[in-house]
Amino acid sequence: MAAARTDRGRMAGPGRCYSVFLVLSALLSGVLPAHIKKAMEESPETYSHYYSHQELSERLHSLAQTYPELCRLSSLGMSVEERELWVMRVTADPDTAPPDRPQFKYVGNMHGDETVSRQVLVYLLQLLLEGYGRDPRITGLLNATDIYIVPSLNPDGFQRAQEGDCQGQKGGRENARHQDLNRNFPDQFSGQQPPDGQQVPEVMAMMRWIRENRFVLSGNLHGGSVVASYPYDDSSDHMESGFYSRSSDDKVFQYLAKAYASNHPIMKTGHPNCKGEEEEFFPDGITNGAHWYDVQGGMQDYNYIWGNCLEVTFELSCCKYPPASELAQEWDYNRESLLKFMEMVHIGAKGYVRDSVTQKGIENVTISVSGINHNITTGKLGNFQRLLAPGTYNITASVIGYLPQSSQVEVKEGPATILDFLLHPSVSISADDTLDTTSAPPPATEPPATVKPENIPPAHETIQPQDFRHHHYSDMEIFLRKYNSEYASITQLYSVGKSVESRELYVMAISDNPHVHEPGEPEFKYIGNMHGNEVVGRELLLNLIEYLCKNYGTDPEITELVNTTRIHIMPSMNPDGYESALEGDRDGIIGRNNSNNYDLNRNFPDQFVQITDPPQLETLAVMSWMKTYPFVLSANLHGGSLVVNYPYDDDEKGLSMYSKSPDDAVFQQLALSYSKANSKMFTGSPCKEMYPNENFPQGITNGASWYNVPGGMQDWNYLNTNCFEVTIELGCVKYPMASDLPAYWEGNHRSLLEFIQQVHKGIKGFVLDATDGRGIFNATISVADINHPVTSDKAGDYWRLLVPGTYKVTASARGYVPVTKMVNVTEGDAIVTDFTLVRSGPDLHKEDKGKVLVIEPEKADPNTQEFETLIKDLSAENGLEHLLLSTSSDIDLYRYRLYHDLSESLRGLNLNYPNITKLTRLGQSVEYRYIWSLEISNKPNISEPEEPKIRFVAGVHGNAPVGTELLLTFAEFLCLNYKKNSAITKLIDRTRIVIVPLVNPDGREKATEKDCTSKIGQTNANGKDLDTDFISNSSGPVGEREKETNVIADSLILKQDFTLSVVLDGGSLLVTYPYDNPVHTVENKDTLKHLASVYANNHPTIHLGLPGCSNKSDENIPGGVISGAEWRGHQGSMKDFSVTHGHCPEITVYTSCCLFPGHGQLKALWTDNKKALLAMLVEVHKGVHGIVKDEKGKPVPKATIIFNEGVKVYTKEGGYFHVLLAPGFHNINAIAEGFQQQHTQVHVRHDAASLVEIIFVMDNRIFGLPRELVVTIAGATMTALLLTACIIWCVCSIKSNRHKDGFHRLRQNNDDYEDEIRLMSAGSKKSLLSNEFQDETDTEEETLYTSKH
């Protein structure tokens, strides 16, 4: 019966109806040809002729021209054979769209050989247009209704059909590509692919039209029987017939169907008496579609599910293409029914939802009816129309930011009950703070009664999912987009990357503020379908999305959960595998692995085993995702058993034995929270038929104790992030039948919610700086006796899951004094435990005598403050992503440029953007090609020493030209967005950007595209690798270096005015930092590594440390960064020379494994690197930015600023200096000739520059000692000399007297003796004085030596 029977129409796809109808003015602008007009006037309707497509077009154009005040003709699109799909809009004043005028539509001739509808809809048009102003009923209908009529959706099929073919045996049913239009709409119960626009353009046009409008009611007219058929048209079981597939609005659908059937003389009898089916009976002339026969991909279900439009399918005649002589009779049979059904668009309840403060209509308010699991939403002005059968209903209006409101409503026969809602904001606002708006106009129709809503609490009856079917990729994609569109205020749909077959790895974030991380709010994630043939998790997560969205704002538990948690849901990590899996697979492996046939849950780096399989795209994408967000808790949903499995998944021996993690108690508690809520799982013996020996006490198990899994995702989460993850096996059958899915939801939905709640257990809080109260990023929170610390996020917020008990918790951070607290964790919500850390080290602000040496500027000007805010915003989560989304259209990078084209491109940038660019010839290569430099700045010809200066360099190796193309594109990107994008404009205004795209033009000319490993072109024309040619000035004459090397060294590096340098190279996928020389001591490793990590962390794959290059030599590089010496050490590198002689840190980025990939990869490489390039442009504004002055405020240039006793920079003209440092505390020594050396300490933040001002004091020291001390020592020395002289004189006098009194006999020798005494005295005095001066000299030399170091 189903094969011969007609079909009905309806669809299933994403989106909802919108209020704007797009009229194709080109179709309406022409004047009807005179001969057509004349023919139409002379040919009044005789109801005895089928219109060809040309005749139909002429008739419709004639009506549109005759009644311009009532109708507008347009086209939905074209058929396969390029016939217009005409639609006529009929309403009073068709150039307006009053919000209280509901939209109604009729669609005919969907099957080309079912022709009655095509004609009666034209007759209906004529009736409406001719009757307006004459017939009160028709006049009222057009005044209150926005009517759309599509006479033929399948004009190509009609063209082939044959009059008199009652059974549809002569063709014409399908479109020109032999497609049944009523089998090609997305279907809620079938996993079919989305419609193919080439095969069914008619279906695509209809779907687009439905989404662009807000249709309330629709009729789809067919032929082949006489009955009104209503949703659903099919079921999850797809029984051929006899299965009643009830929709949530079954009652109103029956009511609507009866409205048509009861006014049709044959249909109302229920006995169509069609040939060959004389016994067929339809009570009241109506039937449930699936109960009659199963129709997959029908239009009426699509309208209801994805369009919020209630559609009924009407079979108008037993004969599909009756003779034209019967048309008059068919029109008589259907005329009243057609009018009555249109009037049904005004039943139920309608009104407006407004803000109680501003009286402004609120768009996208959910209108829900208790007991009916199908909601609608309000229009732009808060208008709604909810079709309901007569009865009493509890109707609720709810939307984010407002308190929900409910009302008990009695719906009667006839026009809709008017029901207006005034919603109160959940956060009080003033009417003065809002814009004045015009209230929505009053309803056009008079209601029999008006019900005033009461402020009564809503009924908290949770809305359960109804969408139980297997969703193939396209269906899942439509589902996700639908819910993201309908619940935009609490959802964010994003992709973490692509699968091997380029399917998006979608994630739906659900929270009250879903687009950003809110400090203090934990991040949670669910991942499903990691193994493609384990599908229950995929479907449960889609059900969970529906459940959370539909119950938010009405169910207190769900509302609280969404408001306090950011929930990320990835329904499918392996969409490729899913597409090859088979429904009904109990324990198979088809579809388990990804498209490269790798098991994704054996593909993560492992703590015990070296994973040799190449990292897969899905694995890399998920690892990157986990590093991007501060996830606290996660579950990985699998199938094949029924148990919760917790870390560790393997051990170093590779045996199936208990492998305990430091947080074993926490993991057991987490696992139990899920299993306890699943009664079947909790029994511990779930799959007795399949695995009779398996037993899991309380439904949980240690992973390795069950079986050994190296390379698993849950262990990687725990060991490499702050996230605790368990693996949940959801059922014994991997790919159950769709009919079993409701039972899986029933068994697991409580567990899914309970597990999310666990993210709020343990302790949480902030780690704050005692000085400024700001959060400390990357602080360590450790718990005594549990060897697993966690770290704080950017705002200082942290979460630490713990079981109840008393713990000793310590928070520590570099440059701070650790703080330890005793914390008592309870069964309830997490204990808030904040830590305030005091900075360690010397006082930052005081000299020995109390003089301030380093101060923050008193008050920055508004422009500076605005720029600082910009840097913080761009440093925040998703800051750069938001910037990229706001930039001008992207640049199509599609080719490589040789030297000549490169030169022309640079000249073109300079000529087109002369105010912000400066093109310079730095010098020439060996073969006399110019080495170009392009400076981008708001004042490229004026020195601005206070601004940081960054250089981007590429093409050091001519055989790695990707960097050259990236820098040329980056330069154009910056110029293109200047004065168009405020953030880019401010960055250019505040930065001096120097781009050197090609250092080795000679080598570039020799290199060959798609040569991934060849060294041809690597060296310059002399065969010299330029990255081994930057020899020190002291190691030999400068002339020994190559011309290119001298150009870069002399023109850029030795000027010592750059803050940062970024070099792009090829041959791997990582970032190296100084030094390349293996014997060189790295003095500032933390900073250099930090700068490399900034680039790596903003690249989608580098930071994973798994390049996946064919040589396998670069695997497992932590964070994707490594010192040059550790990777491929060599001497004479540019980065070493830059750091040592240019006092500028330099990193080298290796952009791709292939040295010279095909040009087709350039666009993807640009996409991968543009965010990272911008990140370096932001990073150059961080670190320490300062000025050095003397006591009188005069700048001190050429002062030496030494950081951490290693990094040395010099102040520029104006006393400015800028140095990049890793976040944390750093010591500063400032030295300048004639001034006292200054010492201080500075705290560098991750999101802003630390601004310092150093005040030098004049050096009034003598021999390195204070003047007062020198004067004191000199005075004491003179006193000592005088005292010594007196003593000597006295001794001499005594001896002289003794000689005089007792040695008379020597008197004759007296003169000689006195001469001797004098000599002795003189010698003694000389010796003493010499020793004294020697001591002072030593002191002086020691002081000088100390100062020097």
Per the side chain to side chain contact (heavy atoms under 4.5 Å, CB included) rule, which among M623, R602, M573 passes with M713?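 Answer after filtering M623, R602, M573: M573.
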Which heavy-atom pair separates [X] from [Y] by the least distance, and what is that distance?
X: P514; Y: Q492; answer: O-OE1, 3.0 Å
X: L544; Y: I569; answer: CD2-CD1, 3.8 Å
X: V733; Y: V536; answer: O-CG2, 4.4 Å
X: V726; Y: F667; answer: CG1-CD2, 3.9 Å
X: P710; Y: I611; answer: C-CD1, 4.2 Å
X: A621; Y: G497; answer: CB-CA, 4.2 Å

Count the heavy atoms of every other residue, nucleotide or ligand shown that sit under 6.0 Å from NZ of K498, and state whether that count exceeds 12.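 Counting other residues, nucleotides and ligands, NZ of K498 exceeds 12 neighbours.
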Taking atom CG of L655 as the centre, does the number of heavy atoms from other residues, nucleotides or ligands within less than 6.0 Å exceed 12?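 It does: L655 CG has more than 12 such atoms within range.
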Apply salt bridge (charged side-chain N to carboxylate O under 4.0 Å, His left out) to residues K734 and D587 and explain how you reach the verdict. CA-CA 6 Å; K734 294 184 176 183; D587 57 358; over 6 Å; no
Please report the interatomic distance [atom1]([X]) to [atom2]([Y]), rounded to the nearest 0.5 Å.
X: S495; Y: L480; atom1: OG; atom2: CG; value: 11.0 Å
X: T313; Y: M110; atom1: OG1; atom2: CE; value: 8.5 Å
X: N722; Y: M626; atom1: CG; atom2: CE; value: 13.0 Å
X: R538; Y: M530; atom1: CZ; atom2: CE; value: 15.0 Å
X: L617; Y: R503; atom1: CG; atom2: CZ; value: 13.5 Å
X: N593; Y: N597; atom1: CG; atom2: CG; value: 5.0 Å

When you check the side-chain N and O atoms of [X] and [Y], is any donor under 3.5 Å from an acceptor?
X: N484; Y: T491; answer: yes
X: H749; Y: N543; answer: no
X: D234; Y: Q296; answer: no
X: D576; Y: S499; answer: yes
X: D294; Y: H238; answer: yes
X: S641; Y: E729; answer: no
X: H111; Y: D180; answer: yes
X: Y707; Y: D649; answer: no
X: Y674; Y: N748; answer: yes
X: Y735; Y: E534; answer: no
X: W706; Y: E694; answer: yes
X: H291; Y: Y230; answer: no
X: N717; Y: K525; answer: yes
X: N695; Y: S685; answer: yes
X: N636; Y: Q714; answer: no
X: Q616; Y: N603; answer: no

Taking the six-membered ring for Trp, are W625 and Y629 parallel (under 30°), tilted (30 to 60°) or perpendicular (over 60°)?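 Rings of W625 and Y629: perpendicular, over 60°.
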Let's go through I490 and S511 carefully: what are the C-alpha distance in whole Å and the side-chain angles of both, what is the deciding distance for side chain to side chain contact (heavy atoms under 4.5 Å, CB included) to 0.1 Å, and is it a yes or a no? CA-CA 5 Å; I490 61 167; S511 182; over 6 Å; no
Using the rule given for side-chain hydrogen bond (donor to acceptor under 3.5 Å, both in side chains), can you reason through H638 versus N645, listing the C-alpha separation, both sets of side-chain angles and the distance that settles it, and then say yes or no? CA-CA 10 Å; H638 282 250; N645 155 28; over 6 Å; no
Can you check side chain to side chain contact (heavy atoms under 4.5 Å, CB included) on I545 and I510, steps first, answer last? CA-CA 8 Å; I545 290 170; I510 302 177; 4.3 Å; yes
Using modelled atom types and a 3.5 Å cut-off, is there a donor and acceptor pairing between side-chain atoms of [X] and backbone atoms of [Y]?
X: N373; Y: Q464; value: yes
X: Y526; Y: G537; value: no
X: S675; Y: Q698; value: yes
X: Y552; Y: Y487; value: no
X: T701; Y: G703; value: no
X: N551; Y: I558; value: no
X: N529; Y: H531; value: yes
X: N288; Y: A290; value: yes
X: E539; Y: H471; value: yes
X: E583; Y: A738; value: yes

Verify side-chain hydrogen bond (donor to acceptor under 3.5 Å, both in side chains) between E501 and S595, making sure each step is shown before the conclusion. CA-CA 7 Å; E501 295 180 0; S595 282; 2.6 Å; yes
Cation-pi, F524 ring and R566 (6.0 angstrom, 45 degrees):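 Not satisfied by the 6.0 Å and 45° rule.
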Between R750 and E557, is a salt bridge (charged side-chain N to carboxylate O under 4.0 Å, His left out) present by the stated rule, with each step listed? CA-CA 12 Å; R750 189 66 247 165; E557 179 190 21; 2.3 Å; yes
Does M476 form a side chain to side chain contact (heavy atoms under 4.5 Å, CB included) with Y578? I'd like the steps, not just the answer. CA-CA 12 Å; M476 179 183 76; Y578 178 89; over 6 Å; no
For F253 together with Y304, are the ring centres under 6.0 Å from each other?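 That pair passes the under 6.0 Å test.
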What's the verdict on side-chain hydrogen bond (donor to acceptor under 3.5 Å, both in side chains) for H374 and S247, showing C-alpha distance, side-chain angles and the deciding distance? CA-CA 9 Å; H374 186 83; S247 73; over 6 Å; no
F724: which of Y718, F755, Y646 passes ring-ring contact (aromatic ring centres under 6.0 Å, His included):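 One option only clears the test, and that one is Y718.
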Working for side chain to side chain contact (heavy atoms under 4.5 Å, CB included), residues L801 and Q758: CA-CA 8 Å; L801 301 179; Q758 301 306 302; over 6 Å; no
